[in-house]
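We name chains A, B, ... by the order of the sequence lines, and we start the count at 1 in each one.
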Amino acid sequence: MSEHKSLEASPDDPPDCGDLRLLPLWTRRYAQHRTLPFIFSMLVFVAGSAVFAGLGRIIGLAYRSGNSAGFVAALIVSAAFTLFWVWLCVVGMRLVAARLRSRLYRSEGEVEAGPTDATPLPGVHKVLVAIPLVLVVVTFWLLAIRVDQRYMQPLTALWVVPFLVAIWIRSRSNVGPLVLLWPILYSLHAALVVLGAPILFSGSWEALNVFLPVAGYGLLAGLLGHLYSRYALTRIRRLACAAGGE
Amino acid sequence: MADLDPVIHQPTRLCLVMALSGVETADFVFLQSSLGLTQGNLSTHMARLEGAGYVEVIKTFEGKLPKTRYRLTKLGRDELAEYWRQLDRIRGMSADIRK
């Protein structure tokens, strides 16, 4: 027994830091899954889409009922809201993004997984990327006129999924792979529609066939990312506590 | 044990360097809250790491509020990697002695 005792760890032995080697991994995972600003953006997108849908309905109602004043007023409001929406997407969200991130994570502080100053694409590359994207979108709208409305969501998947994957590839140093759940679920949804699964809305709710997969799966991916960041933060605190210190 | 870098071979500083090695930058609040340190404790250890050239301090302002972020330097990353190599060697020797 005394022989066993002498083989036990003594104060002179180097500390068992095996777990501490996981600290960089969990710190990185935490930094890559701080998705609250993304969830906020998606909710803004949902709210904006609801406003656009509402305004479209009002315009239609005013037109069909012959209410010229109401029709013109609704058009003016729609035009003004469209301008505001474009400003919000291009300028507004960028202005609030940093402030929003600070506020949402005030108690946890700031951490960046990778370089934040992404190398901007040279002008020529921007054109080379924009041209096929525009062609894809235009082709989509031309096809949409001829394609059965049931297949609108699978049709959008042809460009939405590669687009989302491309965005992730470009920002993968700062965004974890969990967000790829969005294009994966979008693709699965498209496959189910093509296979005839009874998951489609009809009538006046047809717009939800595209809107729900876009917003719903995006929000789901964001929410799971947020939950994962909570788990990662717990792991960081446990590892730091186990390592000891002053 | 005498070969181990004394700057890194301190539990709190080791945690700080390990946390910074996984990310590009981290600010004072994150390091304090996630590693459970007091303000004074963290400042003291970061000053030591900065003095050794292992950590770069980036001070900016957000409006009127000062923000302090830290980044592990190349020297810091190299020294951390060397620290683990030496520690593995020592643990290997300890295991051999026990046998």
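Ion pairing between Glu108(A) and Arg230(A) holds under the 4.0 Å rule for side-chain N and carboxylate O. Taking a cutoff of 4.0 Å between a charged side-chain nitrogen and a carboxylate oxygen, Asp88(B) and Arg21(A) qualify as a salt bridge. Contact check on Glu112(A) versus Arg69(B) returns a salt bridge, with a Lys/Arg side-chain nitrogen under 4.0 Å from an Asp/Glu carboxylate oxygen.
Counting heavy-atom pairs closer than 4.5 Å to chain B, the top-ranked of the candidates Thr234(A), Val111(A), Ile236(A) is Val111(A). Note: Val23(B) leads Val23(B), Leu35(B), Val17(B) in heavy-atom pairs under 4.5 Å with chain A.
Note that the CG atom of Leu20(A) and the SG atom of Cys15(B) stand 5.0 Å from one another [nearest 0.5 Å]. Distance NE2/His226(A) to CG/Leu219(A): 13.0 Å, rounded to 0.5 Å.
Leu83(A) meets the side-chain contact (heavy atoms from CB on, under 4.5 Å) test with no other residue; sequence neighbours excluded.
Ring-plane geometry between Trp26(A) and Tyr231(A) is classed as perpendicular, the angle between the planes exceeding 60 degrees on a 0 to 90 degree scale with a lower cut at 30.
Inspection of non-hydrogen atoms places Arg28(A), Tyr30(A), Ala31(A) of residues 28-37 of chain A under 4.5 Å from chain B.
Only the backbone of Ser107(A) comes within less than 4.5 Å of a heavy atom in chain B; its side chain stays farther off. Using a 4.5 Å cut-off between heavy atoms, Leu233(A) touches chain B through its side chain atoms alone.
Under the 6.0 Å cut-off for aromatic ring centres, Trp182(A) and Phe38(A) qualify, their centroids lying closer than that.
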